[in-house]
Structures are given as C-alpha cells and as structure tokens.
Amino acid sequence: MQRVLITGAAGFLGSHLCDRFVKEGFHVIGMDNLITGDLKNIEHLFKLENFEFYHHDVTKFVHVPGELDYILHFASPASPIDYLKIPIQTLKVGSLGTHNLLGLAKEKNARILIASTSEVYGDPLVHPQTEDYYGNVNTIGPRGVYDEAKRFQESITMAYHTYHGLETRIVRIFNTYGPRMRLNDGRVVPAFIGQSLRGEDLTVFGDGSQTRSFCYVDDLIEGIYRLLFSDYANPVNIGNPNEITIRDFAEEIIKLTGTDQKIIYKPLPVNDPLQRQPDITKAKEIINWEPVIDRTEGMKKTLEYFKSLSKEELHKSEHRDFKKNKD
Ligand code: UDP
C-alpha cells in the first residue's frame with residue numbers, strides 16, 4: 001500500500017484530499033496543528049485502518065516513521081482575515097513548514113506536491129493569469145505574509161528540485177469553494193451563504209466590480225490528483241475560468257437561497273485584487289484537466305452543506321480567536 005502524508009488534513013482542501021487518497025487505496029497520514037483546521041472534517045476517517053492522524057505543527061521538525069511515497073503540503077491559513085490575525089504563523093508554515101517537508105521528502109525519497117496560489121500573481125496586471133506572469137505583490141501589505149510565503153515556497157521547492165533532484169509538483173490554486181469551508185473564515189462564499197441563511201444583508205466590499213473565478217472543490221481535487229501523477233515540475237494553474245463580479249455573485253446567492261436580502265456595501269480591503277481568472281491552457285495540455293462542475297451545480301451542493309450545519313454553528317458568527325497562540 002502506498003503511503004501519503006497530507007498536511008493541513010483537517011482543513012477544507014486537506015480533508016477532501018484525505019477522502020480522495022483513502023478512496024484510491026492509499027495509506028493516508030493526515031497532519032494538522034488545528035489552528036484553522038477542524039477535526040470534524042475528517043472524523044469519519046478515524047475508524048479506517050488506512051488512515052492515521054498526527055496533531056503536529058509542520059513549522060517544527062516533522063517526523064513520520066516508516067516509508068512515504070508522496071507528500072502533499074496543504075497546511076496554511078487561506079483567508080485574508082486569518083492572515084491578519086495570524087500573520088507570523090502564515091509566514092512560517094509557507095516557509096519553515098515547506099522547508100521541513102522538503103527535507104522529509106528528500107529523506108524518504110518521496111514526491112512532494114505543494115499548494116501554491118493565485119495570490120502569487122498579487123493584484124494582477126495580466127489578465128487572465130498565465131503561469132509565466134511574475135505577479136504584482138505588495139510585500140508589506142496585509143496579504144504580503146501569505147503571498148510572499150507562497151512565493152518563497154515555490155522558490156525553495158524548485159531549488160530542491162534542481163539542486164537535489166527531488167520530485168516536486170506545484171499547483172497554483174485559484175478561488176475554490178465547497179462543503180467544509182469554515183463558515184466564519186471571512187471568505188466570500190461562506191460569508192454570503194452564512195448571511196443569507198441567517199437572514200442578514202450581504203456585505204459586498206468596494207463597489208463589487210472586482211472579479212473572481214470560482215472552482216468547485218471536486219474539480220480542484222481531480223486536478224491536483226492528476227498533477228501529482230504527471231511528470232511536470234513547473235507550476236500549473238488549477239481553477240475555473242468562469243469569471244464573475246462579486247456584485248453579480250451576491251445576486252446569484254440571493255436567488256439561489258430564495259431569500260430577499262439586500263446588498264450592502266462596505267470598504268474594499270487593502271490590496272484586494274481587482275480581477276482574477278486562471279488561464280488553464282497548461283492544465284488542459286499537461287494533465288488533460290478542465291473543470292466539469294458549473295457554479296449553479298457547485299453552489300447548490302455547497303448550500304446543502306451549510307444548511308446541514310446546526311443553528312448554533314450558523315449563528316456563531318464571531319471570528320475564531322487565535323490569541324492563545326504564541327508562535
Ligand atoms: N468579499 C465581499 N464580501 C465579503 C467577503 C469578501 O465582497 O463578505 C469580496 C472580497 O473583497 C474579494 C472577494 O469577495 O474581492 C473574494 O474574497 P475572498 O476573501 O473570498 O478571497 P480572495 O480575495 O482571496 O480572492
């Protein structure tokens with residue numbers, strides 16, 4: 001049985017990856033420090049023989065006994081509100097954490113895939129974004145801690161590839177949504193759905209003319225799975241090119257939930273990218289991948305998930321308190 005380590009296993013993407021690799025017959029070792037992750041996302045896996053969980057912070061030395069064939073590094077805060085609350089951990093998990101996992105991959109002779117992001121393009125001046133665009137990032141802005149950690153992560157991963165001959169893969173993930181997103185993480189999909197279900201007005205930041213392109217989680221996981229087993233070491237964009245303004249998206253959600261909320265406008269956060277859309281030509285060519293789930297279908301599934309949460313969870317709208325963390 002092949003063995004795979006998945007970091008950020010209790011998070012949104014990590015938990016879906018655990019499901020996929022368990023289903024494909026791998027022995028899955030999930031790792032998470034549970035700062036932003038939630039064990040509820042993987043509790044259904046604990047009874048399985050081919051799943052184990054390590055409660056560990058990957059910014060500290062990572063030890064995994066036995067052989068490892070693959071490592072998928074998905075541990076990181078991933079929402080602008082989280083970066084503001086835990087900026088140092090965000091920097092550390094992308095830099096020190098990645099370094100530890102590359103060292104582990106080298107030690108175990110494992111192939112490693114790291115989760116990068118469309119944020120490496122910053123507020124992009126090229127549209128749609130191709131992999132050869134270098135980006136437009138404010139190093140000291142509120143998103144800089146995430147963006148620069150992810151840019152460093154790509155650099156050190158390529159250095160291990162070229163210098164040590166390590167088998168590496170880099171996925172640049174664009175906005176992704178689906179079940180198990182944290183309701184109160186501040187990102188637009190859980191924010192709008194949560195507001196609709198609680199009967200609150202939807203908060204659009206800025207005038208809502210900024211765009212995003214939303215990919216359903218199952219499509220993303222398929223792309224990552226194919227990339228891992230490809231022989232391509234340079235970064236590959238995975239995302240859904242179907243672009244929409246945030247204002248139109250808010251209206252779509254109001255229609256979908258069948259509620260009659262209003263849209264209210266709040267100030268645009270600093271360095272909020274004005275447009276974002278992946279060019280997925282490379283993914284089509286190299287791994288024969290493109291998304292197959294459209295927004296209507298994906299949002300319906302996502303809404304079902306949020307509706308299944310308890311009233312208490314739905315109304316627990318305060319953002320998670322990270323103050324106790326000293327790292
Ligand atoms: N956004 C919004 N209202 C909210 C949350 C987010 O209008 O309650 C906007 C945000 O300003 C951004 C877009 O939605 O332009 C996507 O935000 P998200 O935090 O989901 O991801 P990112 O900015 O990293 O793409």
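Read the numbers this way: they start at 1 and go in the same order the structure lists the ligands and their atoms. All values derive from a computational prediction rather than experimental measurement.
The distance from ligand 1 to the heavy atoms of G186 drops below 4.0 Å at these ligand atoms: 5 (C). Under a 4.0 Å criterion applied to the non-hydrogen atoms of A191, ligand 1 contributes the atoms 8 (O). Listed by atom number, the atoms of ligand 1 under 4.0 Å from N175 heavy atoms are 21 (O), 22 (P), 25 (O). With ligand atoms numbered from 1 in the order given, ligand 1 contributes 24 (O) to contacts under 4.0 Å with heavy atoms of E119. Ligand 1 places these atoms under 4.0 Å from at least one heavy atom of V204: 7 (O). Taking every heavy atom of I246 and a limit of under 4.0 angstrom, the matching atoms of ligand 1 come to 7 (O), 13 (C), 14 (O). The contact set between ligand 1 and T203, taken as ligand atoms under 4.0 Å from a residue heavy atom, comprises 2 (C), 3 (N), 4 (C), 7 (O), 8 (O). Within ligand 1, counting atoms from 1 as listed, the ones closer than 4.0 Å to a heavy atom of D272 are 10 (C), 11 (O), 12 (C), 15 (O).
Counting protein heavy atoms only, atom 17 (O) of ligand 1 is closest to V188 CB, 4.0 Å. Residue, atom and distance of the protein heavy atom nearest to atom 1 (N) of ligand 1 are F205 CD1, 3.5 Å. Among protein heavy atoms, atom 23 (O) of ligand 1 sits closest to R143 NH2, 2.8 Å.
Atom NE2 of H127 has more than 12 neighbouring heavy atoms from other residues, nucleotides or ligands inside a 6.0 Å radius. Shown here is E67, whose CD atom has no more than 12 heavy atoms of other residues, nucleotides or ligands within 6.0 Å. In the displayed structure, Y232 atom OH is contacted under 6.0 Å by more than 12 heavy atoms of other residues, nucleotides or ligands.
Proximity of K266 to ligand 1 is not established, as no heavy-atom distance is less than 4.0 Å. Under a 4.0 Å heavy-atom criterion, S79 is not in contact with ligand 1. A heavy-atom separation below 4.0 Å is not found between F249 and ligand 1.
Taking the six-membered ring where the residue is Trp, F249 and F214 present parallel rings, their angle staying beneath 30° rather than reaching 60°.
Checked by distance only, ligand 1 and L268 stay at 3.5 Å or farther apart across all their nitrogen or oxygen atoms. Ligand 1 has no N or O atom lying under 3.5 Å from any N or O atom of F192, backbone or side chain. Checked by distance only, ligand 1 and Q210 come closer than 3.5 Å through their nitrogen or oxygen atoms. Residue-to-ligand polar distances keep Q195 apart from ligand 1: every N/O pair is separated by 3.5 Å or more.
For the atom pair OG of S15 and CZ of R20, the computed distance is 14.0 Å after rounding to the nearest 0.5 Å. To the nearest 0.5 angstrom, L197 atom CG is 10.5 Å from K311 atom NZ.
E154 and K150 are not joined by a salt bridge, as no carboxylate oxygen comes within less than 4.0 angstrom of a charged side-chain nitrogen. Under the 4.0 Å criterion applied to side-chain N and carboxylate O atoms, R180 and D38 are not assigned as salt-bridge partners.
With a heavy-atom cut-off of 4.0 Å, P80 touches ligand 1 through its side chain alone.
T203 and Q195 share a side-chain donor-acceptor pair at under 3.5 Å.
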Item to check | Verdict with reasoning, F174 to N237, per side chain to side chain contact (heavy atoms under 4.5 Å, CB included) | outcome: CA-CA 7 Å; F174 283 66; N237 289 340; 3.5 Å; yes

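When all heavy atoms of E313 and L183 are compared, the pair lying nearest together is O-CD2, 3.4 Å.
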